[in-house]
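In what follows, every chain begins at residue 1, and chains take the letters A, B, ... in the order their sequences are listed.
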Amino acid sequence: MLAWTIYISFLGALAVMLLPKRFARGARVLALLAAVAGFAVSLMVFAKHPSGELVTVARTPWVPSLGVEYHLAADGVSLTLLLLTGVVAICGVLFSWNIEHRAREFFAFYLALIGGVYGVFLSFDLLLLFAFYEIAIVPKYFLIAIWGSTRREYAAMKLALYSFVGSAMVLIGLVAAYVVAGAKTMDLAQLAQFPFSIHFQMWAFPMMFVGFGILAGLWPFHTWAPTGHVAAPTAASMLLAGVVMKLGAYGCLRVAMMLFPRGLDPWGFHVLGFGSWRDVFALLALVGIVYGAMVALVQRDFKFVIGYSSISHMGFVLLGLMTLQQIGVDGAVLQMFSHGVLAGLLFAVVGRMVYDRTHTRDLSELERMHLSKVIPFAAGTFVLGSMASIGLPGFSGFVAELQILIGAWRAFPVFAIVAGLGIVIGIAYTWRAMQKAFFGKSDRGAAAPVSQLPAITIPERLGAAILMGASVVIGLYPQVLLRVIVPALRSPLFEGLWRGSSR
Amino acid sequence: MIRVNYLDLLHLILPEAIVVLAALCVLAVDLMFLRTSETRVRGFVGGVVSIAGCVAAVVWILHAPQSANVLDGMVVLTPLIERMQIVLLLLSILTILMFMGSAFTRHVCEYLTLMLLATVSVMFLVSTQNLLLIFLSLELLSLSLYVLTAFNKQSGRSAEAAIKYFLFGGISAAFLLFGFSLLYGLSNSTNLVGIAASVHGRMLDPLLVVALVMTLAGLGFKVAAVPFHFWAPDVYQGAPASSAAFIASSSKVGSFFILYQVMVIGLMGAEGGAAWHGYASGWVPVVAIMAAFSMVLGNLVAITQSSVRRLLAYSAIAHTGYMLVGVVSHTEQSFIALLYYAITYALTVLGAFGVVSVVEEATGGDTLSHLAGLSRRAPVPSFCMLVFMLSLAGIPPFAGFFGKFYLFSSALTSTPGTLGLLWLVVLAVAMSAVSLYYYLKVLKNIYVAERPPDSAPIGVSFIRQIVLCLIALSVILLGCAPNLLLRWL
């Protein structure tokens with residue numbers, strides 16, 4: 001049944017594309033229906049799913065001569081991310097309700113992207129996973145290049161090339177693993193059981209991790225992300241930050257770490273103080289956290305602030321993964337959900353509520369507009385969203401980052417302290433952006449230059465409410481998700497990982 | 001030598017005979033009944049007759065499958081070879097269908113005749129394992145292609161391209177003949193199997209090395225591998241679209257098939273190795289180097305092209321590089337992977353030339369800026385082009401992706417235990433990441449760029465739209481269900 005999330009999205013894309021020109025405005029309704037249906041399906045399965053055990057959704061031979069299967073399955077981690085995809089997809093459509101320019105194509109690409117994302121989260125055959133992973137690249141390019149804003153063609157091409165380079169690295173690792181195992185299977189569970197030689201894992205793991213990490217915003221390969229987020233239309237930046245970056249993190253966990261757990265083992269010697277790939281990537285994640293936050297602190301463009309904050313928050317996810325502590329990895333998965341929802345919300349406020357009305361994202365110009373008086377709803381949403389994003393208790397960000405920090409404290413105490421510093425800087429940049437964008441001082445004399453902006457529409461209110469609600473629910477009662485995440489991470493599939501951590 | 005009577009021989013080569021007959025019919029019908037008709041009518045009737053001939057040949061092959069190996073390997077028929085012949089015939093049918101309406105010449109029926117002769121020559125090419133017949137069919141193919149290239153008499157480019165093609169082709173044919181004669185001198189046999197028997201176990205003496213290099217030079221020219229690729233950009237750009245499409249599709253498939261046969265069957269004893277830490281001199285390292293250079297040069301130069309045809313030419317050189325990886329690994333599996341790749345590539349590039357010619361007929365040029373805003377002027381061809389370009393870049397779910405995956409994984413499997421060809425595979429994957437840039441550039445102009453202010457929607461003939469959709473659909477289908485083709489090969 002879960003497989004229908006994929007089919008619904010692709011069929012929806014097809015239907016939207018084939019819509020006659022007269023009904024172009026129906027495209028958004030159709031897209032909304034498809035997104036809601038996808039979410040409903042995953043919610044239904046989620047509700048019926050007692051624990052995070054692996055359930056097979058579909059399994060048939062695909063290319064028998066190569067042992068490749070069409071194998072869809074879901075466990076707690078996938079379910080969590082499927083829910084996230086559903087939520088963000090619905091809100092993305094709601095926040096692009098005002099798209100008129102080539103609307104059918106917009107929603108067709110949008111749904112194709114969603115379909116690819118669902119596919120990645122559900123695939124349990126490596127080739128299938130990779131295929132969906134790449135399917136998700138192309139629509140992103142067009143969404144940004146056609147409907148984007150600042151330097152859109154440059155940003156779109158940069159994003160596509162970065163993603164493709166990343167996936168090329170993944171492909172090499174995949175093919176090598178397939179050939180070395182020699183068992184004529186691409187099944188993730190079976191390959192994970194294969195004892196790859198430590199020598200092989202030592203080069204295959206970092207290659208795959210970096211390959212997926214590029215999409216997860218791993219510093220220093222993150223530069224596609226801010227430009228991409230800024231150039232993208234609102235819905236696309238919501239998807240990019242909300243879901244697509246999670247694809248990378250999910251790939252790191254599900255493929256790189258699960259296939260090659262021993263790649264995280266100590267090298268047995270030290271170079272520049274690093275003793276293993278785990279140290280290296282943990283440091284890169286940490287640099288991402290602090291660097292992203294510091295760069296966000298000095299941005300003049302409102303959207304760049306959120307763009308760089310995404311790098312910082314994704315750094316937490318990667319740091320959580322590298323702790324190799326149960327609690328840290330739980331936190332990382334939770335953070336994927338939390339950041340997905342919150343980044344979506346913040347991008348929606350900046351891109352749709354503010355930029356589409358004021359046509360500027362320059363903080364110093366916004367400062368003069370008194371937006372808190374003109375569009376109080378946007379100001380209120382942004383305040384709540386940023387509170388959640390800096391990790392105020394009661395919102396999802398808190399639970400997730402707390403778990404990651406505890407995990408990091410156990411694994412690398414010094415890093416945990418620096419990451420805590422990153423959170424403090426996070427408060428600073430969020431505060432600064434909020435202050436400048438919405439609560440500017442009126443020291444420039446004359447009355448506010450902007451007196452009247454279009455009111456916030458109902459779809460926008462609805463979308464904001466859904467995203468906010470999701471964050472609050474998880475913040476108040478994280479057990480909703482943790483009840484499926486924790487058993488999934490305890491399952492035998494990830495056994496190799498924990499064995500590694502005890503060494 | 002086994003004796004065969006002529007009737008049996010005719011029976012074996014009946015498909016080729018049917019196509020030759022069709023070629024003569026096309027000429028005769030044109031000469032006798034259509035002298036006063038319009039060019040369009042003549043093109044239509046000629047096209048129908050040629051297609052009927054090809055279909056008849058396909059039906060005959062399907063109806064009476066045979067296997068044979070007669071006259072010292074002159075005619076070899078196996079199920080695989082017969083299927084290749086069917087593929088080549090289908091490619092010709094698609095080419096003829098797609099370009100039935102294009103009117104660049106008054107001599108449509110002569111053009112079709114040459115096209116059919118070229119088809120016959122590739123059919124012979126795949127069904128022989130004898131040096132003599134290989135050379136003859138290669139020459140027949142080349143001669144037809146030279147004329148096909150020059151066929152647009154109004155265009156200086158066409159003539160220039162043909163001259164270049166002819167000069168390069170002539171020299172490379174001389175190389176090939178020289179190489180073949182040395183091989184014959186070494187082994188006293190023109191049969192590939194016989195050559196293999198005498199090459200086997202012999203040290204790699206200088207004579208064999210010369211023979212090998214000469215042969216590779218001649219065949220490398222046919223598949224447009226670096227450093228024998230110089231003709232490709234000019235020919236792809238100057239030739240009429242249908243000729244270029246034929247050169248890029250059928251001719252490429254046939255040439256790769258025979259390259260593989262000559263190397264793997266004929267020179268089995270002298271293969272050497274190109275694995276990392278496993279180098280041994282022979283033809284494999286030479287082909288590996290050609291592959292590496294083709295990939296790098298093709299992809300890097302394609303980035304700077306502004307003409308879509310030249311871009312396709314350099315991308316063809318790059319794809320030759322990928323396909324040569326299949327020759328380097330030379331296992332049974334990699335042969336199937338190579339054929340899958342070559343066939344799907346041929347389909348894709350055929351479709352791409354179809355779209356290019358749609359654009360050329362409407363806007364008069366083939367540069368990237370002529371494509372601007374095409375998606376709003378001709379949505380169906382644009383969508384087909386999206387499929388073709390992404391398939392060439394190797395994006396799933398299109399056939400190009402699975403082809404690459406299969407080819408590269410079989411290359412890694414060919415050196416069991418040691419991933420010896422990893423260096424070549426890494427290079428190929430890295431280069432295909434580069435290639436996405438220029439394929440996306442084409443698509444950017446189609447989908448993103450604004451259409452020129454005075455542009456009207458482009459009308460595309462019904463047949464051409466159907467053919468384009470058919471090809472796009474098959475590229476998608478073969479990508480989603482590669483088994484359809486793999487099981488059949």
Side-chain angles (χ1 to χ4, degrees), chain A residues 10 17 21 61-66 68 70 102 104-105 108-109 116 119 127-138 141-142 144-148 152-153 156-158 160-180 182 184 186 200 203-204 207, chain B residues 333 336-337 340 375-376 379 383 386 389-390 393-398 401-402 404-419 421-422 425-437 439-441 443-444 446-450 479-487 489:
Chain A
F10 283 125
M17 208 161 56
K21 212 162 194 166
W62 182 22
V63 191
S65 55
L66 289 178
V68 179
Y70 181 76
R102 296 168 77 183
R104 286 175 304 165
E105 287 168 79
F109 280 126
L127 191 71
L128 191 63
L129 186 142
F130 184 78
F132 279 121
Y133 188 76
E134 292 220 318
I135 288 176
I137 293 179
V138 178
Y141 174 81
F142 288 109
I144 297 177
I146 302 180
W147 292 275
R152 54 190 181 165
E153 286 176 15
M157 186 60 93
K158 186 168 176 181
L161 290 183
Y162 266 74
S163 316
F164 205 58
V165 168
S167 62
M169 293 166 79
V170 171
L171 180 64
I172 293 170
L174 263 177
V175 175
Y178 169 75
V179 171
V180 168
K184 285 245 168 209
M186 274 286 197
F200 174 70
W203 68 260
M207 195 168 67
Chain B
Q333 198 191 19
I336 298 296
Y340 176 89
S375 77
R376 279 133 284 161
F383 182 75
L386 178 85
M389 287 294 124
L390 293 179
I395 302 264
F398 307 115
F401 165 70
F402 184 78
K404 282 206 176 87
F405 168 75
Y406 195 16
L407 202 60
F408 298 158
S409 68
S410 67
L412 286 187
T413 329
S414 71
T415 51
T418 61
L419 295 185
L421 288 176
L422 191 66
V425 172
V426 168
L427 186 69
V429 174
M431 279 298 138
S432 75
V434 170
S435 74
L436 183 70
Y437 172 72
Y439 293 126
L440 271 185
K441 224 163 68 171
L443 293 179
K444 184 180 94 179
I446 293 179
Y447 275 91
V448 180
E450 290 302 318
C480 290
N483 227 33
L484 294 176
L485 186 57
L486 291 182
R487 210 172 33 196
L489 276 176

At a 4.5 Å cut-off on heavy atoms, which part of B/P397 comes close to chain A: side chain, backbone, both, or neither?
both

Sort B/I395 into side chain, backbone, both or neither according to what part of it lies under 4.5 angstrom from a heavy atom of chain A.
both

If you take all heavy atoms of A/R102 and B/S375, which pair is closest and at what distance?
NH2-OG, 3.3 Å

Bottom line for B/A449: the part with an atom under 4.5 Å from chain A's heavy atoms is neither

Can you see which heavy atom on A/A145 is nearest to which on B/V448, and at what distance?
O-CG1, 3.3 Å

Among A/Y141, A/W147, A/F132, A/Y70, the residue with the most heavy-atom pairs under 4.5 Å to chain B is A/Y141

Non-hydrogen atoms of A/S65 and B/L486 that approach each other most closely:
OG-CD1, 4.0 Å

Given side chain to side chain contact (heavy atoms under 4.5 Å, CB included), test B/V426 with A/M169 step by step and report yes or no.
CA-CA 8 Å; B/V426 168; A/M169 293 166 79; over 6 Å; no

Where on A/Y133 is there a heavy atom nearer than 4.5 Å to chain B: the side chain, the backbone, both, or neither?
neither

Under 4.5 Å to a heavy atom of chain B? For A/R152 that would be neither

Okay, B/L440 and chain A: the region with an atom under 4.5 Å from a heavy atom over there is both

Counting only non-hydrogen atoms closer than 4.5 Å, does A/V175 touch chain B with its backbone (N, CA, C, O), its side chain (CB onward), both, or neither?
both

What part of A/V138 gets closer than 4.5 Å to chain B, counting heavy atoms only: side chain, backbone, both or neither?
side chain

Nearest heavy-atom pair of A/I146 and B/Y447: which atoms, and what distance?
CD1-O, 3.7 Å

Search all heavy atoms of A/A160 against all heavy atoms of B/L436 and return the closest pair with its distance.
O-CD2, 4.0 Å

Contacting moiety of B/R376, where chain A heavy atoms sit under 4.5 Å:
side chain

So, the part of B/F398 with a heavy atom under 4.5 Å from chain A: the answer is neither

So, the part of B/L422 with a heavy atom under 4.5 Å from chain A: the answer is side chain

Indicate yes or no: at least one non-hydrogen side-chain atom of B/L443 is less than 4.5 angstrom from one of A/F142.
yes

Where does the angle between the aromatic ring planes of B/F405 and A/Y178 fall among parallel (under 30°), tilted (30 to 60°) and perpendicular (over 60°)?
tilted

Under 4.5 Å from a heavy atom of chain B, the part of A/P61 involved:
neither

Just by distance, do the side chain of A/W62 and the backbone of B/N483 share a donor-acceptor pair under 3.5 Å?
no

OG of B/S409 to CG of A/L174: how many Å apart, nearest 0.5 Å?
11.0 Å

What do the steps show when you test A/V63 against B/F402 for side chain to side chain contact (heavy atoms under 4.5 Å, CB included), and what is the final call?
CA-CA 10 Å; A/V63 191; B/F402 184 78; 3.8 Å; yes

Where does B/S410 contact chain A at under 4.5 Å (heavy atoms): side chain, backbone, both or neither?
neither

Compute the centroid of each ring, for A/F130 and then for B/F401, and state whether the two points are separated by less than 6.0 Å.
yes

Please state whether the side chain, the backbone, both or neither of A/K184 comes within less than 4.5 Å of a heavy atom of chain B.
side chain

Would you mind telling me which of A/I137, A/V165, A/L161, A/V68 has the largest number of heavy-atom pairs within less than 4.5 Å of chain B?
A/L161

Identify the heavy atoms of B/P396 and A/A131 that sit nearest to each other, and give their distance.
CG-O, 3.2 Å

